[in-house]
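Data block below; observations after.
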Number of protein chains: 2
Amino acid sequence: MLISAANDANLDHLLPPLRALADPLRLRIVHLLARESLCTCHIVEATGARQTNVSNHLRQLRDAGLVHAEPRGRFTYYRLDTDAVRALGAELTGLADAADQSGDHDIPRTCP
Amino acid sequence: MLISAANDANLDHLLPPLRALADPLRLRIVHLLARESLCTCHIVEATGARQTNVSNHLRQLRDAGLVHAEPRGRFTYYRLDTDAVRALGAELTGLADAADQSGDHDIPRTCP
DNA sequence: CGCTGATATCAGCATCGGCTGATACGTTAA
DNA sequence: TTAACGTATCAGCCGATGCTGATATCAGCG
């Protein structure tokens with residue numbers, strides 16, 4: 001049975017999305033895109049950051065699979081990949097639940 | 001009604017735990033602590049990293065509220081704060097759910 | 001007591017990552 | 001077609017951050 005992709009015995013696959021979210025401006029962009037899809041110029045206006053900077057951050061969010069770009073004419077609309085965000089959240093809650101179940105937290109292993 | 005602390009209109013409070021998790025070694029440590037509480041020397045052994053390095057990372061995890069230190073004699077046992085991990089996961093899934101509900105993703109706002 | 005071992009702190013170094021300005025590319029409008 | 005606009009890419013700078021070695025601290029044991 002496969003609860004989630006977390007059954008890889010390690011959590012390395014969570015690093016790209018975690019790293020992508022662990023930046024104030026990128027987290028802000030994700031928050032904006034959670035309300036509605038926006039094009040780059042909207043994000044530039046809303047954040048006050050330079051266009052080139054926003055574009056760089058959008059690339060990292062894209063590479064991490066958290067957002068998707070939809071070019072329309074000369075604009076590029078970005079939408080949040082809600083499945084990716086939800087999957088990350090689910091893996092974290094799943095990790096917490098699994099930790100609560102394994103009862104070896106009150107009986108510490110003896111030290112060498 | 002207060003679903004979660006996410007109703008702050010911004011997600012800045014998620015940055016400390018996200019930054020703490022967005023590092024390979026720290027994520028590995030969190031994963032180890034999800035199985036059982038461990039003291040520093042166990043983590044040093046399991047990761048192969050230097051003691052001073054592990055100690056520095058444990059401090060960051062502590063500052064982010066993801067783990068708690070429990071000194072016992074000359075050892076210090078660390079346990080995962082599963083509530084903190086679960087809360088982070090819940091906020092992310094909640095953000096994804098909220099994004100899915102707000103239907104403004106197919107009708108992009110017009111560009112200036 | 002002094003010694004050993006576990007842990008934390010600190011300063012220094014090296015690397016990474018974010019910000020910027022310049023620039024290139026593609027699209028729409030005049 | 002040309003000009004203007006939206007966007008992406010690139011190189012460079014600089015501050016942030018991870019890693020290390022040295023050292024301090026503290027508990028338990030001889």
Side-chain angles (χ1 to χ4, degrees), chain A residues 11-12 15-33 36-79 108-112, chain B residues 11-12 15-33 36-79 108-112:
Chain A
L11 304 177
D12 291 355
L15 269 175
L18 283 173
R19 291 178 62 95
L21 291 177
D23 175 89
L25 184 48
R26 287 196 294 270
L27 189 59
R28 180 112 190 279
I29 293 174
V30 165
H31 196 194
L32 288 170
L33 294 178
E36 55 181 338
S37 291
L38 297 171
C39 75
T40 308
C41 62
H42 290 140
I43 300 172
V44 169
E45 188 188 5
T47 60
R50 308 295 177 90
Q51 178 269 326
T52 194
N53 191 16
V54 168
S55 191
N56 282 329
H57 282 296
L58 284 171
R59 188 184 210 302
Q60 293 185 243
L61 289 170
R62 231 186 313 143
D63 290 347
L66 291 177
V67 307
H68 293 284
E70 298 176 356
R72 300 198 190 182
R74 63 176 155 174
F75 306 112
T76 304
Y77 277 85
Y78 282 89
R79 67 174 177 82
R109 189 201 297 186
T110 57
C111 251
Chain B
L11 304 178
D12 290 354
L15 269 174
L18 283 173
R19 290 177 61 93
L21 290 177
D23 175 89
L25 185 48
R26 286 196 294 270
L27 188 59
R28 180 112 189 278
I29 293 174
V30 164
H31 195 194
L32 288 170
L33 294 178
E36 54 181 337
S37 291
L38 297 170
C39 75
T40 308
C41 63
H42 291 139
I43 301 173
V44 168
E45 188 188 4
T47 60
R50 308 295 178 87
Q51 176 270 325
T52 194
N53 192 16
V54 168
S55 191
N56 282 329
H57 282 295
L58 284 171
R59 189 184 210 301
Q60 294 185 243
L61 288 171
R62 232 186 311 143
D63 290 346
L66 292 177
V67 307
H68 293 284
E70 297 176 357
R72 300 199 189 181
R74 62 177 156 173
F75 306 112
T76 306
Y77 278 85
Y78 282 89
R79 67 174 178 82
R109 187 202 298 185
T110 57
C111 250

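Worth saying up front: this structure is predicted, and the values here are computed from it rather than measured. Numbered from 1 within each chain, the chains take letters A, B, ... in sequence-line order.
Atom CG in A/Asn53 sits roughly 15 Å away from atom C1' in C/dA22 (whole-Å rounding). Nucleotide C/dC16 holds its P atom 15 Å from the CG atom of A/Leu15, rounded to whole Å. Look at CG on A/Leu27: it is 13 Å from P on C/dG18, rounded to the nearest Å. The nearest whole Å value for the distance from the CG atom in A/Asp23 to the P atom in D/dA16 is 13 Å. Rounded to whole Å, the distance from CZ on A/Phe75 to P on C/dT27 is 13 Å. The CZ atom of A/Arg50 sits 11 Å away from the P atom of C/dA22 (whole-angstrom rounding). A/Glu45 has its CD atom 11 Å from the P atom of D/dG6, to the nearest Å. The distance from atom CG of B/Leu58 to atom P of D/dC19 is 12 Å, rounded to the nearest whole Å.
Considering CG of A/Leu27 and CG of A/Leu61, their distance stands at 9.5 Å, rounded to 0.5 Å. One finds the OG atom of B/Ser55 at 7.0 Å from the CZ atom of B/Arg62 (value rounded to the nearest 0.5 Å).
A residue-by-residue look at B/Asn56 and A/His57 shows that B/Asn56 has its nearest nucleotide of DNA chain C further toward the 5' end.
Scored by the side-chain hydrogen bond (donor to acceptor under 3.5 Å, both in side chains) test, A/Asp12 finds no partners at all (sequence neighbours excluded). Shown here are the side-chain hydrogen bond (donor to acceptor under 3.5 Å, both in side chains) partners of B/Gln60, two or more places apart in sequence or in another chain: B/Arg26. Remark: B/Arg59 engages B/Asp63 in a side-chain hydrogen bond (donor to acceptor under 3.5 Å, both in side chains) (not counting sequence neighbours). Residues forming a side-chain hydrogen bond (donor to acceptor under 3.5 Å, both in side chains) with A/Glu70 (at least two apart in sequence, or on another chain): A/Arg79.
Note on B/Ser55: a base of the nucleic acid sits closer than 4.0 angstrom, heavy atoms only.
For the pair A/Tyr77 and D/dG6, the criterion of a side-chain N or O lying under 4.0 Å from OP1 or OP2 is not met.
Put simply, the residue from B/Thr40, B/Leu38, B/Leu32 that forms a side chain to side chain contact (heavy atoms under 4.5 Å, CB included) with B/Tyr78 is B/Thr40. Each of B/Ile43, B/Thr47, B/Asp23 was evaluated against B/Arg28; a single residue qualifies, B/Thr47, per the side chain to side chain contact (heavy atoms under 4.5 Å, CB included) test.
Residues from residues 59-67 of chain B that place a heavy atom under 4.0 Å from any atom of DNA chain C, listed by number: B/Arg59.
Nearest approach of B/Ala69 to B/Thr76, heavy atoms of both residues: CB-CG2, 3.8 Å.
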Give each protein N/O atom lying under 3.5 Å from an N/O atom of nucleotides 22-27 of chain D, with the pair distance.
none

